[in-house]
Amino acid sequence: MSDWFKDAIIYEAHVRAFFDSNNDGIGDFPGLTSKLDYLQALGINALWLLPFYPSPLRDDGYDIADYEGVHPSYGTIQDFERFMDEAHRRGIRVITELVINHTSDQHPWFQAARRAPAGSPEREFYVWSETKQKYQGVRIIFTDSETSNWSWDDAAGAYYWHRFFHHQPDLNFDNPNVLDAVLKTMNVWVDRGVDGLRLDAVPYLIEREGTICENLEETHAILRKIRRAMDERYNDRMLIAEANQWPADVRPYFGDGDECHMAFHFPLMPRIFMALRQEDRHPITEILRQTPEIPENSQWGLFLRNHDELTLEMVTDEERDYMYQAYAADPRMRINVGIRRRLAPLVENSRRQIELLHSLLFSFPGTPVIYYGDEIGMGDNIYLGDRNGVRTPMQWTSDRNAGFSRTDPAQLYAPPIMDPVYGYQAINVEAQERSPFSLLNWMKRLIALRKQLKVFGRGTLEFVPSANRKILTYVRAFEGETVLCVANLSRTVQPVELDLSRFKGMTPVEMLGLTEFPRIGEVPYFLTLPGYNFYWFRLQAQPSSITGQRLSDAGTSSDDIRASLPAFFMGVAWDTLLDGNVRTLIERESLVPFLQRQRWFGGKARPIRAAHFLDWGPVRRGSDPLFATIVEVDYQDGGRERYFLPLGAAKGAHVDATMASAPQLALARLTGARKGVVIDATVDERYGAALLESFDKLESIPLKRGVLRPRRTDPYEQLRGDGPLAMRRIGAEQSNSSLAFGDRLIVKLFRRIEDGPNPDVEIGEHLTAHTAFRRSPQVAAWLEYESPGAIIDLLGPEPLLDLAAMLTPQAIREVSGAYIDSAQMLGRRTAELHIALASDTRTQAFAPEPFARDDYARLLADAIGQARRASELLGGRAATLPQDVASSSRSAVEQAEQALHARHMAHAAKPRISSVSIRGRRSGRDGQGRRS
Ligand code: GLC
Ligand code: CA
C-alpha cells in the first residue's frame, strides 16, 4: 500500500476563493489550475478542496444537491479533469470532500423522499420521526443558528433529523441503499483520479435511542465497508476522518488500520494556542501524552486553522473561557462553540508567533495542513456572516480585488480584506514573492526543510524534560535519523538546560542555517532562545561535512578519492577534451567534489548548487594537452565565485607519481582509446614553460570566450635573464598556488578571481614602475584575462625575494626578543612601503588621502578588539596550557590591551594627527591575493 499521505504537506483551498478566471466574481477551476505553479513553488504536495459540487450554497457547498457534478460557477467536469491532470503533472495530489452525513434539502433524493409515502424506499433515504422526542439529549452543533436537531417538513408531514443546519437533512445509514449510493459517488471521484477523500462529519452517521448518537459502533461498521470498497479498487488512495472528538474517541476511526487512513487531531489544535498564550508547554505535552498510538498504516492530520471556526468543543469549560478571553475578546469573533478568526489575527500579526506555530505544526507527529492565505498572513473579516470571514478572496496582488478577479468589486462573492493591516495592499503574494524575508518565502524554506527528512512525518516523539516550562523540547526519531526540536513559547528570551546525555558525542546541527552547535557532552546541554523562537537540530554522529572547514583533509582518504574518480571515454586526441560532452559530464559528476578537495577553494562551508566551466582553451596542444580554464561556482545562497583552474590531460610517470602522492589534484580519469588522468596542471612543468613562453613572446592565449593577455613591466627582461628556467611548485598548498622558475621568478597563481585589477598586481606593479622602493618583490609581468566585459589579473611572476636572509634566523632561536626584532623590522618595512606608495601624487589610484582622526580611532579599536579576542582564546584554552604559560601569556595580552586602551584615551584627548592613507583602506576590496 502506498502511504504517500505520511510525507504529505496539505494545502487546504476553496475553488471559489482562489482565482476567478472568467471575471464573474467567483473563483473557478480554470483559475485554480492557473495558480498551480504558485502552489508547486510553495512546495506543498497535496491539495484539499472544499466542496465544489452543485449546491444552493447555504453552507458554502457542504449542502450538496448533486454528488457527481461541478457547481456551474466553478466550471465543468472537463475543467475539473484538466485541473486534475495539471495538478498531478506537478506532483500535487488532490483531496476532495465526501460529505455523506447529510445532503442539501434541494438534493433530488430529499425532494423525492419528502413526497414519497412513509416507509417507501425513497422516504427511507433520510431519518424521519412523527415527534421531536426521539434521540433526546443529542447535542446541537450549530448552537448559534439551530435550536433542535429535528425540523418539520410539510410535504412529508413528519420531522426529519439534521445534525447541522436545518436545510441539511441527515442520510439514513440504516438503509443499505444509502451506503450503496454513497459508494457509487466515491467511485466516481476516485475513478476521476482523486487521491484522497475527506469524510465530513463522520461521527454522526448512525442514530440510536439512548446514546449521544456519536461514534457508534454501527458507524464504524459503515466506515469499514467504505474502506474495504476503496481498497478493492485502489491501493494508493486515502480517507481522512473529520471527527471532532476526544483523542480516545478519535482513535477508533483508524480501526485496526481498516477504517480511515488519517484523522484530524482536533484537541491538539486549541491547546497549541493555549500553550502559546499561557507561555507554558503543559497543554501541549498533556494532550500529546494522552494521544493513543495509532496503527502502523495511519497518520494524524494536523492543522492550526481551517475553513471553520477554531473549535473549542474539545476543551474543558475553564479552558474554553480562557480561550475566548485570550483570543476572542469581541463577541463578534465567536461563533457556535469556537472562534472564527484566521491565524495572523489570532496572534495579532506577530510574525515570530506565526513562525513558531508553524514550526510546531511542521514538527509534531502527523501531516500538516496549511489553510490558504495563512502562508502570507492573511486577515479575516468578522463582519461577514457565518464562517465567511475566513473564506475571503486570496490576495494575489495590490491591484483591484486583490488580483483575484477583474470584475466590479460589487460582483465579488465576498469582499477582499481591505483594512490597513491585513488588506491586500499590504498583504499579497506578489509583494511577498519579491521580498526574500517575507513570510511566504520563509514558509517555502520551512516546507522544503520538512520535506528533506522523513522523520517529521513518520518518526517517534519523545519529550525532553527541563525545569523551564516555557520551553518545549522533543526528539523525533526515525530509521537512524534524529531531530531535536526546541521551542520557546514565551515572548522573552529563555535559558534552558537539557539532559541530552543519551546523545553524548553527537553534534547538533541547526537545520535552517546548517550551523554546528557544540558537541553534546556529559554536562546538561545549555541553550538560550530568543522570545517565540525555535530550533530544529539534526543530531549527527560526526560533524557534518557541509560546515567542515577542511574537507580535503577530513576523512577523505587517497584511496577514496582514487575510487571516486569517474572515467570518461575519449578518442586518441585529448585537446578537444573540453569542447564536447565530456566537459558537461565533468561538470555534472566530478567538478564539485574536486573543488571541495582543493586547499585553495574558499567555498567549502557553503552548499553548492552547481559548478561549470565559464571559459576554457588549450595552452599547449598535442597528445598531452594543457588547458587554461575558468570555473564558475553557484552557491545555494545565491552567491557566485570564479576560479582559475589550469588543467592537463596526461599519462606517464609524473602523473602516476602525482596520483600516488596527491590524488586530490586529479579531476577525472580518461579511458577509451588511451588511458590517462585530467589533473591540476600546476604539477606539470610544461605549464610553467608555456606561461613563460607567452611572456617572452608576448603571445596571447585565446580561450573559447575570452583571451589571456601577457603584460610586462619595463624591467622584465632584466629580471628574467636569458635561457631556460626550471620550474617547480612551491611549498604547501595555500589559498593561491605558486611556481618558481629557477631562482629568478615566482609565478603566483591567483585562484579566486574577480573583475578588475588584482590589488596584489596593481600595487606591486606600481611600486616597481613608479617608486624606488625595493623591499617588496618586483613585478616582472602578469597575465590578464579579458572577456567581453571583464579584465582580470590571473598571475604575476615576481623576482624571488632574498628577504628570508634578513630575518635574523639566529635570533629567532632565542625565543624572546626575536619577535620584537622581526616586529620592528616588519614595522620599518611597512613604513617604507607606505612612504613609497604615498610618494606618487600623480597616479590617481594611488594619490594620498588625509588619514582622519576617526580612521585612527577605528584602527585602534580594531587592535583592541584583536587583543581581546586573543585573551578570550587564551582563556578558553587555559586548561590545556601549562600553568605558568597560561598565566604569563594572559597577563601579556592584558597588558597589551591596557596599553591600547591608554592610546585610545590619549588619542581622544589629543585630536591632531598628521597622516595620509594610500590605496587599500579606501578601495575596500577583497584582495584576491590576500592570504597567499
Ligand atoms: C463540517 C465542515 C463544515 C460544515 C459542516 C456541515 O464540519 O467542516 O464547514 O459546515 O461539516 O456540513
Ligand atoms: Ca469565475
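For ligands, and for the atoms within them, numbers begin at 1 and follow the listed sequence. Predicted model only: the values in this text are computed from it and were never measured.
- For the residue pair S104 and D63, no side-chain donor N or O sits within less than 3.5 Å of a side-chain acceptor on the partner.
- Remark: ligand 1 atoms within the under-4.0 Å shell around heavy atoms of Q168 are 12 (O).
- For atom 4 (C) of ligand 1, the nearest non-hydrogen atom of the protein is D59 OD2, 3.4 Å.
- The closest approach between H162 and ligand 1 stays at or above 4.0 Å for every heavy atom of the residue.
- Within a 6.0 Å sphere centred on CD of E217, heavy atoms belonging to other residues, nucleotides or ligands number more than 12.
- Atom 8 (O) of ligand 1 has D308 OD2, 2.5 Å as its closest protein atom, hydrogens excluded (heavy atom only).
- With respect to atom 7 (O) of ligand 1, the closest heavy atom belonging to the protein is E242 OE2, 2.9 Å.
- K132 forms no cation-pi arrangement with W161, by the criterion of a distance under 6.0 Å to the ring centre and an angle within 45° of the ring axis.
- Contact between E97 and ligand 1 is absent, with no heavy atom of the residue lying under 4.0 Å from the ligand.
- By the 4.0 Å heavy-atom criterion, R163 is excluded from the residues contacting ligand 1.
- A salt bridge between D308 and R387 is present, with a side-chain N of the basic residue lying under 4.0 Å from a carboxylate O of the acidic one.
- No more than 12 heavy atoms of other residues, nucleotides or ligands sit less than 6.0 Å from atom NZ of K225.
- Annotation: atom 12 (O) of ligand 1 to nearest protein heavy atom, H102 NE2, 2.8 Å.
- Of all protein heavy atoms, the one closest to atom 1 (C) of ligand 1 is D200 OD1, 2.7 Å.
- Heavy-atom contacts of R387 reach the following atoms of ligand 1: 3 (C), 4 (C), 9 (O), 10 (O) (cutoff under 4.0 Å).
- Counting only N and O atoms by type, the side chains of S55 and H71 include no donor and acceptor under 3.5 Å apart.
- Environment of CD in E130: sparse, with no more than 12 heavy atoms of neighbouring residues, nucleotides or ligands closer than 6.0 Å.
- Contact between F142 and ligand 1 is present, with at least one heavy atom of the residue lying under 4.0 Å from the ligand.
- Those atoms of ligand 1 that come under 4.0 Å of a heavy atom in R391, given as number and element, are 9 (O).
- Between W128 and Y126, the ring planes are perpendicular. Angles over 60° get that label, and only those under 30° would be called parallel.
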